[in-house]
Enquirer: 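The structure under discussion is supplied below as structure tokens; questions concerning it will follow.
In this text the structure is predicted, and so the values were computed from the model without any measurement. Along the sequence shown, residues carry numbers from 1.
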Amino acid sequence: MTLQVVVIGAGVIGITTALELQRRGHSVLVLDRKGIAAETSAGNAGAFAFSEVEPLATPGIMRKAPKWLLDPLGPLSIPPAYAWKIAPWMYRFWRASRPDRYENLLGAQASLMAFSKTALDQLISTVDGEHLLQRDGQMQLYESEAEYRASLSTWKLRREHGIEFELLESPTTIAEMQPGLSPRFTHAGFTPNWLNTVDPKRWVEHLAEVFQGRGGRIERKDIRTLSPQESGMRVACADGTIDAAKVVIAAGAWSHHIAQSLGDRIPLETERGYNTTLPEGAFDLRMHLTFSRHGFVASKINGGVRVGGAVELGGLTLPPNYKRADILLEKAAAFLPGLKTEGGTQWMGYRPSLPDSIPVIGPSRKSADVVYAFGHGHLGLTQSAGTAELVGALVDGQDPPISLSPYAATRF
């Protein structure tokens with residue numbers, strides 16, 4: 001039976017979900033105010049980071065936060081103009097990091113990761129997407145014995161969840177795997193099954209082409225509100241209204257504003273991330289590199305190098321501070337001495353983040369005709385295929401393949 005479903009958001013979560021709903025036989029319309037992959041899905045690091053099973057809200061993290069916050073250009077910052085506004089979110093983040101809650105969050109994150117990995121494997125096959133992938137692995141780098149030893153608990157967690165890796169305790173071995181690294185990196189962990197896309201924007205565009213080729217529609221609309229009708233929902237746009245039997249909200253960092261029009265208050269915030277994309281030939285990058293202590297990565301994008309990361313909790317309206325991108329690039333040049341830093345393009349994106357590091361996937365508290373799929377933080381690309389399958393089950397009225405209670409909007 002054909003059902004009119006409106007998906008709000010044409011980023012990686014929205015487009016992947018639309019494709020899955022279409023596969024299930026639904027008539028799907030995607031709405032987005034800017035178009036396909038026009039926001040965070042365009043400029044992220046391009047990693048399917050299935051090994052990142054540990055949530056950001058870890059026990060003891062709040063003891064580290066003051067040290068980070070003292071450096072306005074460090075790996076974590078809060079602009080003074082936004083500090084008061086984000087205080088309630090930070091309080092929730094602290095509560096989520098308590099040991100009794102952390103264990104449940106770890107289980108939820110690991111469950112969604114494993115499910116999403118299987119779902120991605122299936123998606124790659126159904127959309128003929130292998131040509132857009134890079135299977136080069138990832139190296140997480142440490143600058144001292146002490147830093148490396150402090151990371152071993154995280155590697156132990158990964159082993160417990162079936163993630164394959166190799167720990168490297170020889171600078172010579174590290175240099176053989178990735179020539180051109182500074183000798184300051186003495187230890188590393190290598191995850192061989194780590195996966196990247198050649199370009200996250202191209203990946204979403206490819207999915208959108210498949211979706212449209214199978215009869216799906218994508219339109220640019222400025223969404224204002226949702227309102228329940230006798231049957232289904234009414235989507236109010238700047239230029240009119242659209243009625244649908246079901247609505248999926250997958251609008252990333254803007255999702256909570258739409259949810260609020262229904263009466264749902266969800267504590268979504270934005271981790272503003274910065275990067276610089278250097279052209280082809282900037283460096284012979286053999287794999288995805290993670291500089292853990294400094295909060296950034298280097299990844300291959302379209303033959304070039306994208307240097308980016310860090311977290312700036314600054315909302316949606318403050319102007320970008322591109323000094324953060326400059327600092328990351330300076331650090332990358334020191335860590336990769338042969339890096340050619342000329343000709344780069346700077347970018348800032350809004351990662352949609354909830355205080356417990358776990359997305360909202362499930363029905364609205366106000367109407368079962370609205371399904372939420374947002375708040376994935378750094379992991380939207382990674383968890384997109386799994387999220388799409390879970391939303392598909394909900395729209396079809398089926399029991400989801402994994403329990404959705406950890407991801408429910410009602411937890412806040």
Side-chain angles (χ1 to χ4, degrees), residues 1-11 13-35 39 211 215-270 316 352 354 358-376 380 384 387-400 403-412:
M1 178 179 177
T2 299
L3 178 67
Q4 173 76 7
V5 182
V6 167
V7 175
I8 300 175
I13 299 291
I15 294 296
T16 309
T17 298
L19 196 57
E20 170 62 16
L21 291 167
Q22 184 186 62
R23 186 190 68 81
R24 290 169 172 263
H26 300 295
S27 172
V28 185
L29 169 64
V30 178
L31 305 177
D32 192 283
R33 66 194 183 96
K34 287 190 174 181
E39 294 284 359
F211 171 69
R217 293 182 295 147
I218 302 173
E219 297 180 7
R220 289 186 62 175
K221 296 282 186 181
D222 189 357
I223 310 301
R224 299 297 172 83
T225 61
L226 297 182
S227 55
Q229 304 299 299
E230 286 188 16
S231 177
M233 299 296 298
R234 176 158 293 170
V235 183
C237 309
D239 60 351
T241 61
I242 298 171
D243 290 338
K246 300 279 186 179
V247 174
V248 178
I249 299 180
W254 291 264
S255 298
H256 59 312
H257 294 308
I258 303 171
Q260 191 169 346
S261 73
L262 282 173
D264 275 340
R265 297 183 65 84
I266 298 175
L268 188 74
E269 266 299 342
T270 56
L316 292 168
L354 291 157
I358 304 297
V360 169
I361 306 172
S364 162
R365 285 175 286 198
K366 303 299 182 180
S367 173
D369 292 331
V370 176
V371 178
Y372 295 148
F374 59 82
H376 297 75
S384 55
T387 298
E389 289 198 17
L390 295 171
V391 172
L394 288 170
V395 170
D396 282 349
Q398 301 171 346
D399 291 334
S403 171
L404 291 185
S405 58
Y407 320 102
T410 53
R411 72 187 192 266
F412 298 112

Enquirer: Is any side-chain heavy atom of K246 closer than 4.5 Å to a side-chain heavy atom of L394?
Expert: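 No, too far: nothing below the 4.5 Å cut-off.
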Enquirer: What residue pairs, at least two apart or across chains, pass ring-ring contact (aromatic ring centres under 6.0 Å, His included) with a residue in residues 230-250?
Expert: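 Qualifying pairs: none.
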Enquirer: Which residue is it: E20, R24, H26? I am looking for the one with a side chain to side chain contact (heavy atoms under 4.5 Å, CB included) to V395.
Expert: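 Of all the options given, the one that passes is H26.
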Enquirer: Of all the heavy-atom pairs spanning P400 and A393, show the shortest one and how long it is.
Expert: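 For P400 and A393, the tightest heavy-atom pair comes out as CA-CB, 4.0 Å.
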Enquirer: For residues 256-269, which residue pairs pass the salt bridge (Lys or Arg N to Asp or Glu O under 4.0 Å) check, not counting sequence neighbours?
Expert: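 Counting only pairs at least two positions apart or across chains, the salt bridge (Lys or Arg N to Asp or Glu O under 4.0 Å) contacts touching residues 256-269 are D264-R365.
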Enquirer: With side chains defined as the heavy atoms from C-beta onward, is the minimum distance between V7 and V391 less than 4.5 Å?
Expert: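 Sidechains of V391 and V7: no contact.
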Enquirer: Closest heavy-atom contact between L21 and G392?
Expert: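 That would be CD2-CA, 3.8 Å.
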Enquirer: When you compare the side chain of D243 with that of S231, does any pair of heavy atoms fall below 4.5 Å?
Expert: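 Sidechains of D243 and S231: no contact.
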Enquirer: Under the salt bridge (Lys or Arg N to Asp or Glu O under 4.0 Å) rule, collect the residues that match up with K366, sequence neighbours excluded.
Expert: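 Expected list: none.
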Enquirer: Given 3.5 Å as the limit, does a donor-acceptor pair link the side chain of T16 with the main chain of I13, or not?
Expert: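 Judged by distance alone, no pair lies under 3.5 Å.
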Enquirer: Using the test side chain to side chain contact (heavy atoms under 4.5 Å, CB included), find all partners of A236 that sit at least two apart in sequence or belong to another chain.
Expert: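 Partners of A236 under the side chain to side chain contact (heavy atoms under 4.5 Å, CB included) test: T225, T241.
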Enquirer: I'd like to check the side chain to side chain contact (heavy atoms under 4.5 Å, CB included) partners of D399; sequence neighbours left out, ordered by chain and number.
Expert: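 Scan of D399 (side chain to side chain contact (heavy atoms under 4.5 Å, CB included), adjacent residues dropped) gives none.
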Enquirer: If we ignore hydrogens and angles and just use 3.5 Å, is the side chain of Q22 paired with the main-chain N or O of F211 as donor and acceptor?
Expert: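 At least one qualifying donor-acceptor pair exists.
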Enquirer: For I8 and L226, what are the C-alpha separation, side-chain angles and deciding distance, and is it a side chain to side chain contact (heavy atoms under 4.5 Å, CB included)?
Expert: CA-CA 11 Å; I8 300 175; L226 297 182; 4.0 Å; yes
Enquirer: If you look at every heavy atom in C237 and I242, which pair is closest and at what distance?
Expert: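 Minimum heavy-atom separation between C237 and I242: SG-CD1, 4.3 Å.
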Enquirer: Between P363 and A368, which heavy-atom pair has the shortest distance, and what is it?
Expert: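 So the two residues come closest at CB-CA, 4.4 Å.
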Enquirer: Quick one: NZ on K34 to CH2 on W254, what's the gap to the nearest 0.5 Å?
Expert: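 Those atoms lie 6.5 Å apart.
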Enquirer: Considering residues at least two apart in sequence or located in another chain, which fulfil the side chain to side chain donor-acceptor pair (under 3.5 Å) criterion with S405?
Expert: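 Side chain to side chain donor-acceptor pair (under 3.5 Å) check on S405 returns S403.
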Enquirer: Applying side chain to side chain donor-acceptor pair (under 3.5 Å), can you list everything that pairs with R220, at least two apart in sequence or on another chain?
Expert: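 Result, side chain to side chain donor-acceptor pair (under 3.5 Å) vs R220: none returned.
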Enquirer: In chain order, what residues pass the side chain to side chain contact (heavy atoms under 4.5 Å, CB included) check against R224, with sequence neighbours excluded?
Expert: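 With sequence neighbours excluded, R224 shows a side chain to side chain contact (heavy atoms under 4.5 Å, CB included) to D222, A238, given in chain and number order.
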Enquirer: Who are the side chain to side chain donor-acceptor pair (under 3.5 Å) partners of T387, not counting sequence neighbours?
Expert: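 In terms of side chain to side chain donor-acceptor pair (under 3.5 Å), with neighbours along the sequence ignored, T387 is linked to H376.
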Enquirer: List for me each residue that meets side chain to side chain donor-acceptor pair (under 3.5 Å) alongside Q229, sequence neighbours excluded, and say none if there are none.
Expert: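 Testing Q229 for side chain to side chain donor-acceptor pair (under 3.5 Å), a comparison that skips the adjacent residues, returns S227.
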Enquirer: Distance from Q260 atom CD to S255 atom OG, nearest 0.5 Å?
Expert: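 Going from the CD atom of Q260 to the OG atom of S255 covers 12.5 Å.
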Enquirer: Might you point out which heavy atoms bring P267 and L354 nearest each other, and give the distance in Å?
Expert: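 Reported closest heavy-atom pair: O-CD2, 3.6 Å.
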Enquirer: Among all residues two or more places apart in sequence or in another chain, which pass the side chain to side chain contact (heavy atoms under 4.5 Å, CB included) test with A244?
Expert: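 A244: side chain to side chain contact (heavy atoms under 4.5 Å, CB included) contacts with Q4, V6, V247.
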Enquirer: Minimum heavy-atom separation for D239 and K221, please, with both atom names.
Expert: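 Distance-wise, the nearest heavy atoms are OD2-NZ, 3.1 Å.
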Enquirer: Would you please name every residue forming a ring-ring contact (aromatic ring centres under 6.0 Å, His included) with Y372, sequence neighbours left out?
Expert: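 ring-ring contact (aromatic ring centres under 6.0 Å, His included) list for Y372, sorted by chain: F374.
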Enquirer: If we check side chain to side chain contact (heavy atoms under 4.5 Å, CB included) with I223, which of these qualifies: L31, I249, D32?
Expert: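 Exactly one pass, corresponding to L31.
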